[in-house]
Amino acid sequence: TDRPRVLSGIQPTAGSFHLGNYLGAVRQWVALQETHDAFYSVVDLHAITVPQDPRELRESTRLAAAQLLGAGLDPERCTLFVQSQVPEHAQLAWVMNCLTGFGEASRMTQFKDKSARQGAESTTVGLFTYPVLQIADILLYHAQQVPVGEDQRQHIELTRDVAERFNGRFGTTFTVPQPYILKDTAKIYDLQDPSIKMSKSASSPKGIINLLDEPKVSAKKIRSAVTDTGTEIRYDPQDKPGVSNLLTIYSALTGIGVPELVDKFAGQLYGALKTQLAEVVTEWAAPFRARTLEYLADPAELDRLLAVGADKARAVAAPVLAEVYDKVGF
Ligand code: ADP
Ligand code: NA
């Protein structure tokens with residue numbers, strides 16, 4: 001195929017994806033499989049950089065894969081695999097560890113933030129070298145573009161630097177990737193506190209729409225979303241962050257532009273927007289949920305799909321690792 005190669009990963013987290021994950025990332029993945037040669041990975045190696053329960057991790061990995069399939073990833077049109085099933089990731093990561101400067105790794109702001117939250121004693125070396133594993137994830141596939149959020153830009157820059165360093169020292173080997181920043185991406189805010197993003201770790205249960213929740217639970221959360229003083233429905237993230245967030249979600253799920261929505265709701269009250277949005281969300285979520293539960297109900301088939309994905313991934317990754325090993329002198 002002459003389509004550009006993309007690679008993206010998502011961590012297996014316990015429980016359901018939320019609406020922010022879908023609109024901010026997964027939806028783009030689904031779209032990119034039509035235009036790109038797309039590799040998508042559930043990055044379970046990254047998940048053990050913080051303490052994990054083995055049973056939960058195994059379950060979360062399956063759950064993440066089932067949700068990606070439920071959201072529309074098609075194993076015929078993309079390569080979906082679990083990172084730990086492709087041992088070349090860990091193998092290349094070691095080589096990349098030896099090409100990455102301690103100083104440059106120390107400048108990664110995500111590490112600084114995460115380790116500051118955990119404290120030095122419970123921060124692992126794995127968390128420190130997390131961006132180096134990410135370098136291996138990307139370079140193993142000669143990915144030209146890496147769809148990521150803005151917060152990952154620094155890691156892609158590091159990947160580029162290390163790829164160029166390797167190419168300079170050992171001869172051209174790696175494709176130097178570009179970030180594919182998901183700019184048009186809707187950023188979704190917490191329904192109860194629209195000053196923070198909807199987030200698994202930061203949102204209260206009422207502030208977050210979990211895609212696998214019962215429809216009536218999601219509908220209730222939307223109906224009780226905080227709005228703003230005044231009654232007018234208009235898009236104004238500064239003064240009306242709550243209402244604007246609801247409009248963003250509505251627009252993202254229906255494809256109707258925000259200005260059109262504002263016209264549609266002219267003269268109506270917040271309640272009308274919420275009621276209709278609750279319908280939009282639950283109608284969207286119903287088939288997603290049904291498909292995801294179907295995959296979860298047939299673990300053998302899910303495992304088979306993931307094994308096929310891992311084989312496809314290894315077919316690309318193994319020769320790249322072999323070339324690297326040869327070039328470094330193994
Ligand atoms: P969380 O913040 O809930 O822990 P993650 O950090 O695991 O979510 O994010 C997984 C993906 O979902 C990332 O690509 C991230 O950019 C995207 N994402 C997460 N929350 C949001 C949000 N509120 N709006 C848009 N995209 C989001
Ligand atoms: Na996060």
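As the structure lists them, so they are numbered: ligands from 1, and atoms in each ligand from 1.
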Output the list of atoms in ligand 1 that are nearer than 4.0 Å to some heavy atom of [X], sorted by atom number.
| X | answer |
| --- | --- |
| Lys200 | 1 (P), 3 (O) |
| Lys197 | 2 (O), 19 (C), 20 (N), 21 (C), 23 (N) |
| Ile188 | 22 (C), 23 (N), 24 (N), 25 (C) |
| Lys187 | 24 (N), 25 (C) |

**Q.** Lys114 to Tyr130 six-membered ring, cation-pi geometry met (6.0 Å, 45°)
**A.**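 Yes - Lys114 lies over the ring of Tyr130, closer than 6.0 Å to its centre and within 45° of its axis.
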Q: Start with the C-alpha distance between Ser218 and Asp213, add both sets of side-chain angles, then the distance that settles side-chain hydrogen bond (donor to acceptor under 3.5 Å, both in side chains), and finish with yes or no.
A: CA-CA 7 Å; Ser218 301; Asp213 277 353; 4.7 Å; no
Q) Is there a donor-acceptor contact under 3.5 Å from the side chain of Gln178 to the main chain of Gln145? A)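 No: the side chain of Gln178 does not pair with the backbone of Gln145.
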Q. Do Phe288 and Phe17 have their ring centres less than 6.0 Å from each other?
A.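 No, too far apart.
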Q) Distance only, no hydrogens: is a donor on one side chain within 3.5 Å (strictly under) of an acceptor on the other, for Gln33 and Asp74? A)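 Gln33 vs Asp74: no donor-acceptor pair found between side chains.
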Would you check whether [X] has a nitrogen or oxygen atom less than 3.5 angstrom from a nitrogen or oxygen atom of ligand 1?
| X | answer |
| --- | --- |
| Met198 | yes |
| Ser201 | no |
| Gly20 | yes |
| Asn21 | yes |

Q. Does atom CZ of Phe330 have more than 12 heavy-atom neighbours, drawn from other residues, nucleotides or ligands, at distances under 6.0 Å?
A.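 Yes, enclosed.
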Q: Specify whether Tyr141 and His89 have parallel, tilted or perpendicular ring planes, treating 30° as the upper limit for parallel and 60° as the lower limit for perpendicular.
A: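 Correct class here is tilted.
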Q. Which part of Ser199 is near ligand 1, with near meaning a heavy atom under 4.0 Å away: side chain, backbone, both or neither?
A.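 Both backbone and side chain.
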Q | ligand 1 contact on His18 by region, counting heavy-atom pairs under 4.0 Å | A |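 Near ligand 1, His18 shows its side chain, while the N, CA, C and O stay back.
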